[in-house]
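The next block holds one structure in the form of C-alpha cells; read it before the comments.
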Amino acid sequence: MAPSFEQPAEALARALIGVTLLFHDVGGEIVETEAYDAGDPASHSFAGPRQRNATMFGPPGHAYVYRIYGLHHCFNVTCGAGAAVLIRALAPTHGVAAMRARRGMDDLSRLCSGPGRLCAALGIDLSVDGTDLRAPPFTWVERRGDPPIAAGRRIGISRAVDRPWRFGLVDSSFLSRPISSDDTVPAPRLSK
DNA sequence: CACCAGATCTTCT
DNA sequence: GAAGATCTGGTGG
C-alpha cells in the first residue's frame with residue numbers, strides 16, 4: 001500500500017523513513033530523505049514552473065527525476081504545489097544481485113547510499129520522470145511502528161543551508177553521510 | 001581518512 | 001560563462 005503522498009514535504013519526508021520502495025521488484029528500505037517546496041530557495045521549484053521541474057507542479061504521488069552534474073540522476077516523490085521529497089538512501093533488501101550488477105560493485109554499504117547511487121542501482125533515469133508512483137513498476141511496503149528519526153542540514157546545496165530538512169533513520173549504516181544524533185526528533189504517529 | 005580534480009551537460013545569469 | 005539536491009578514483013597523512 002502506497003503512503004499518503006498529499007502532505008507537506010517536511011511531513012512526507014519523515015513519513016517515508018522506514019518505508020520500503022521497489023522499482024521492478026528491486027530496492028529497499030528508505031533510510032534518508034530531504035524535503036523541498038516552492039517557498040524554499042534551495043528548491044528547483046522556487047523560481048516557478050519551468051520545463052525541467054514541470055512534474056513538481058503536477059499531482060502528488062508522481063516521480064520527479066532530473067539529471068544532475070550532467071551524468072547522475074536524482075529521484076523525488078512529488079507531494080503537490082511544487083513540493084517534493086528527494087530519496088537519498090536505501091537499505092538494500094530486494095534484488096541485491098541486480099543492483100550489484102548495475103553498479104558494478106559489491107559493497108552493500110554504498111550500493112544505494114546517495115541519490116545518484118540509488119538511481120543507478122534501481123535503473124531509474126529520465127524516462128521515469130512524471131510516472132505514477134501508485135502503480136507498477138512501483139511497489140510500496142508500509143513500515144512497522146515509528147522508527148527513530150534524526151533531522152539535520154541538507155547536503156550539496158548553497159541556499160537555505162540552515163533549514164533542517166534532511167531526515168535519516170537513526171544509526172542506520174546506509175546513510176549517505178552521518179546525521180548528528182543531537183537533533184533526533186519523534187516520528188509522526190501511525191494510525192493503528 | 002581527508003582532500004581534490006575530473007567527468008559531463010542542462011539550466012540559469 | 002558558471003553553477004549545480006553527485007560520484008569516483010587519485011594523492012597525501
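This one's a predicted model, so the numbers in the text were calculated from it and none came from an experiment. Naming convention: chains lettered A, B, ... in sequence-line order (proteins, then strands); numbering from 1 in each chain.
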Atom [atom1] of [X] and atom [atom2] of [N]: how far apart are they, to the nearest Å?
X: Leu71(A); N: dG9(C); atom1: CG; atom2: P; value: 13 Å
X: Arg110(A); N: dT8(C); atom1: CZ; atom2: C1'; value: 10 Å
X: Phe167(A); N: dA5(C); atom1: CZ; atom2: P; value: 18 Å
X: Arg52(A); N: dA3(C); atom1: CZ; atom2: C1'; value: 11 Å
X: Asp107(A); N: dG9(C); atom1: CG; atom2: P; value: 12 Å
X: Tyr64(A); N: dT11(B); atom1: OH; atom2: C1'; value: 10 Å
X: Arg50(A); N: dG4(C); atom1: CZ; atom2: C1'; value: 16 Å
X: Arg154(A); N: dG4(C); atom1: CZ; atom2: C1'; value: 14 Å

Ignoring backbone atoms, establish whether [X] has a side-chain N or O less than 4.0 Å from OP1 or OP2 of [N].
X: Arg67(A); N: dT6(C); result: no
X: Ser158(A); N: dG4(C); result: yes
X: Arg88(A); N: dT6(C); result: yes

With under 30° as parallel and over 60° as perpendicular, where do the rings of Phe75(A) and Phe138(A) fit, or are they tilted in between?
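Rings of Phe75(A) and Phe138(A): parallel, under 30°.
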Touch check for [X], heavy atoms < 4.0 angstrom, all strands: base, sugar-phosphate only, or nothing?
X: Ile68(A); answer: sugar-phosphate
X: Ala120(A); answer: nothing
X: Arg166(A); answer: nothing

Pick the closest DNA chain C nucleotide for Ile157(A) and for Arg103(A) by heavy atoms, then say which residue is nearer the 5' end.
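Its nearest nucleotide lies further toward 5', so the answer is Ile157(A).
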Is Arg103(A) reaching over with its side chain to a backbone N or O of Ala120(A), donor-acceptor style, under 3.5 angstrom?
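Not at all, since once roles are kept as given, no pair shorter than 3.5 Å links the two residues.
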Nearest nucleotide by nearest heavy atom, which residue falls closer to the 5' end of DNA chain B, Gly70(A) or Ala47(A)?
Gly70(A)
Could you tell me which nucleotide pairs with dC7(C) by Watson-Crick or G-U wobble geometry, both distances under 3.5 Å, or answer none if nothing does?
dG6(B)
Looking only at heavy atoms, which two atoms of [X] and [Y] are closest? And how far apart?
X: Phe5(A); Y: Thr78(A); answer: CB-O, 4.1 Å
X: Ala42(A); Y: Ile157(A); answer: CB-CD1, 3.9 Å
X: Glu32(A); Y: Arg88(A); answer: OE2-NE, 2.7 Å

Give a yes/no verdict on base stacking between dA7(B) and Tyr69(A): centres under 5.5 Å, planes within less than 30° of parallel.
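No; by the centre-distance and plane-angle rule, Tyr69(A) does not count as stacking on dA7(B).
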